[in-house]
Amino acid sequence: MAEEIKTGCYICTGCGIGERLDDKQMQTIATRDGKAKFVKSHQFLCSDDGVKTINDDIKSEQLNRLVIAGCSRRAKMNTFEFDNIPTSRANIREGVIWVRPDNDESSETTQEMANDYIRMACAEARTMKQVAPSEEQSTINKNILIVGGGIAGLTAAIEASKAGYQSSIVEKSGKLGGFVANLYKSIPHKSPYNEPQETQIENLIKTAEDDRNITIYLDSIVSKTEGAPGRFEADITKESGASKTHKFGAIIQNNGFTQFDANILDEFSYKTQKNVITQSELESIAKKGKGKIQKPDGKGEIKTAVFIQCAGQRSDKENHLSYCSGFCCSTSIKQAMYFKEQNPDIDTIIMYDDLRVPGVAGEDFYRAGQKKGIVFSKAKVSQVTGDGDNLKVEFKDLILDEDTAISADLVVLATGLVANSGPDPYATPIELDADGKEIENPEVQKIDVTESVLNLQYRQGTDLPHLKNGFTDSHFICFPYETRRTGIYAAGPVRRPMDILQTKDDATGAVMRAISVIENSNKGRAQFPRSGDLSFPEFRKEGCTQCKRCTVECPFGAINEDEKGYPIFNEARCRRCGTCMGACPVRVISFANYSVETVNQQIKNCDMPDEFDEKPRILVLACENDAYPALDMAAQNRIEYSAYARIIPVRCLGSTSVSWITDALNSGYDGIVMMGCKKGDDYQCHFVKGSEMAHERMAKVGDTLESLQLESERVAVHEVAISDIQTAPALIEDMAKVVEKVGMNPFKF
Amino acid sequence: MSDMINQYRNNFLKEVESKVEEGEWVKNCMQCGVCAGSCPLGDAWEHTPQKIFMMIRAGKKQEVLSSDAMWMCTSCYNCIVRCPRELPITHIMHGLAHYAKRLGLAPKNNPTLKFAQIFWNNLTKTGRVNELKVGLSLYFMNGFVEGIKTSLKMQKVGLNMIKNKRFSIAEAWGGHSVKDKSGLHKMLKKAYDLESARVDK
């Protein structure tokens, strides 16, 4: 490399660092071991004076790498950001003095700890490169594609327009309004939450139709989507077959839900009895009669209406829904009020197992229903049968604990919703045995035959991945709306059960995300969690073996393949987690400022005492999103841990290369602790699959250990949440105990 | 079938609302069961307040009003304090008991009922409770023989109370009363008429 590396190392002695550590010694280390060209101590480095000193030195000494030794890299982030100069932070405050006791007997190991962090930071800085701007930014299109013209789509389009962004709504049916357009009235969304209110969907449709920023495509679908945020190209195909390609900056998928099919509910005689209907059928009747509800068979008046909650829902029966659809209880209260509005003497009985009224109307609406004389009965309905003109509802009253029955003129089933997600790209095909019969495997998700919604031309499938129960995965715990395909957002009941008001909020939120991704990709910056990161993955083509592991393992489907099987990184789709880097068996993928080498150098540049010194070394690879802050917070609480631990933050545990583990063991580390986020269905991993990938890869590391004739306990992988401030240091302590038990690593030299 | 028609209808609920004191609250019960769990005598009740409310909604008039459950209430007010829907449960229980008595459905020989009747009769006569007479009526509530037995058993307590001037033998002849006895009786009559107008309509 042509460029001469000039590292400036700045050691802060504020916050008590100066009293606890010998900064002269650290300066020597930085110059001698860290090969820093310029070393300085400062009493208060984050002050204006301190930062000015650094800036002046950058100019006068032509420094092009910086090491800041002081607080954690999570503190004073903006203060120590220098115009495209790779900067490494040696964490000698949270990482050293705050986790070690202040006494004579531990002062030696504490100083050694700090010295190591200086060495490691200098090594990291030396191997980091300057981030060159991405070449990918072409002409950015700022239009938003909205798939679905229901309440969510309309809200999203109107909100986008208010923010000055153009959008196109693609609606499969011939009219806008979706499910809400069929409703007579909605659950109240304004105080005092005691009456059903107008849906106002007509106003919303009119506003959207009149808005010049909104283009509406009816009877249309998205037949092909390719590209990346800022440069999506989508084919919008009309029912007639006419198709045209349009450019978009971001996509919102809000294609809602389908009603659960009540035909399979034989126990409630839905198929055979005319007067057994679903909630949405009742809405249509009420809408048609402008509030007057006629008996579906036309014979006589309705005197008693029974509502059966959780019909085919929250059930473990086959083909039933296992989850709660969230809106049905409030809907039944609302519909019972339709009857009370018509005639207060009509008996309305709601049979529920657990009454759940989420949302703003919530308890107020429930109470209003009780005041109007709706009878609520905690009951388990066993069957509904026809008895001449009457229906007979047999049930068990769960409060009075008795089997009983009542007659009714109308039975309304609360059947719930099924998300209109596209086929899950990660579903495993059904396995057939020799006779062509399906092999039952509850672990394997059944592949669905639903039509694709987005028709993505991605390496990893045509649609957004699911989480469970067929809902489109959106990062529910940290970043709602954020799916596993950057620039494509999910809003409304397609991502989780919700009511109208929640759907509108959701659509608004998704538009905000869409706008932010457009603006970020315009500047070549990452979307969160690494917001604003300008680095992006690069690969050395000569070394690539076309194994396709990176294209398969990328949690965001960001990487496509060319015809020869080489990866094509779509930078705007990339979230910079580095999972591809960890996946690459030949280590050719790297970021300018984060690579296999930057971490490897940190591992190797730690001073390794020989076997008889009785000073083991424990390498900790901690996820920078959760585990590292947990350790920082533990330090703020002065929770002590072993002086033999050396902590290296990683972008995601998924970016961990197996070579780091083998190299660390080969160079004498006695134990390795890896801390990633919670994985599985209720994952907390910021990159969704990163932690899971790491766990999977590290499960195989046992073989490596065996070949080195080392004990498998020396490597531990843990799930650590950001709140685990007691557990995280304890895990390090546990490893120290393990090392004590199994002895020192024989590979020290 | 006829049973089925009257079940879970609003008939009895509406009757309770219009005729039972504080009965309009019953529909607001959300069946959480906190009252049942809070009642210190809950185990002894035939039906807990929670169940009573559900039975009212289920239209079980006979079962509710002939039950001895409401008569077990000691007015400790635990349920009222704890009810998340702020139902005046204690008052509703007394209201139901009173309504059952009025309709003649209350369980015969219920000791609480008997005592309440004795106390009421005693109090309304003069406007003051005649402790001697209340006590003796209570002893003899279940017949002469038992009355003598109980009196002998309580002899010592009674004598001590007299000694300490807690009550007076003189109460046996007339006893003390309010100044305007006829005014009191008029007032009670008026109250009874008002209640009847509501309940018997």
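The sequence lines fix the lettering, A, B, ..., with proteins before strands; numbering per chain opens at 1.
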(request) In plain terms, say whether A:D345 and B:K14 are close enough for a salt bridge, that is, a side-chain N and a carboxylate O under 4.0 Å apart. (result)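 Looking at B:K14 together with A:D345, the answer is yes, because their closest N to O distance falls below 4.0 Å.
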(request) State plainly whether the residues A:E363 and B:R85 are in salt-bridge range, i.e. N to O under 4.0 Å. (result) yes
(request) Step by step, work out the side-chain contact (heavy atoms from CB on, under 4.5 Å) result for B:M30 and A:R367. (result) CA-CA 9 Å; B:M30 64 172 185; A:R367 263 193 289 262; over 6 Å; no
Flag yes if more than 12 heavy atoms outside [X] fall under 6.0 Å of its [atom1] atom; otherwise flag no.
X: B:E86; atom1: CD; value: no
X: B:N160; atom1: CG; value: yes
X: A:K292; atom1: NZ; value: yes
X: B:E21; atom1: CD; value: no
X: A:K372; atom1: NZ; value: yes
X: B:Y77; atom1: OH; value: yes
X: B:K114; atom1: NZ; value: yes
X: B:R166; atom1: CZ; value: no

(request) Indicate yes or no for a side-chain donor-acceptor contact from B:N10 to the backbone of A:D347 under 3.5 Å, with no hydrogens or angles considered. (result) no
(message) Under a 3.5 Å distance rule, please check whether B:Q31 uses its side chain to pair with a backbone N or O of A:K378 as donor and acceptor.
(response) no
(request) Kindly give the heavy-atom pair with the smallest separation between B:K27 and A:Q370, and that separation in Å. (result) CD-O, 3.1 Å
(request) Please name the pair of heavy atoms, one in B:K51 and one in A:L400, separated by the smallest distance, quoted to 0.1 Å. (result) O-CD2, 3.7 Å
(message) Walk me through whether A:I406 and B:R9 qualify under side-chain contact (heavy atoms from CB on, under 4.5 Å).
(response) CA-CA 9 Å; A:I406 59 167; B:R9 304 294 192 264; 4.1 Å; yes
(message) Pair A:E402, B:K60 - check salt bridge (charged side-chain N to carboxylate O under 4.0 Å, His left out), show working.
(response) CA-CA 13 Å; A:E402 60 182 19; B:K60 295 176 187 286; 2.6 Å; yes
Which answer fits [X], side chain, backbone, both or neither, if we ask what part of it has an atom under 4.5 Å from a heavy atom of chain B?
X: A:I349; value: side chain
X: A:S377; value: both
X: A:E394; value: neither

(message) Ring centroids only, cut at 6.0 angstrom: are B:Y8 and A:F376 within range, meaning strictly under it?
(response)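 That pair fails the under 6.0 Å test.
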(request) Report the distance from atom CZ of B:R57 to atom CD1 of A:I374, rounding to the nearest 0.5 Å. (result)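 Nearest 0.5 Å value for the CZ-CD1 distance: 11.5 Å.
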(message) Let's test your reading of the structure: which of A:V375, A:I399, A:D401 forms the most heavy-atom pairs below 4.5 Å with chain B?
(response) A:I399
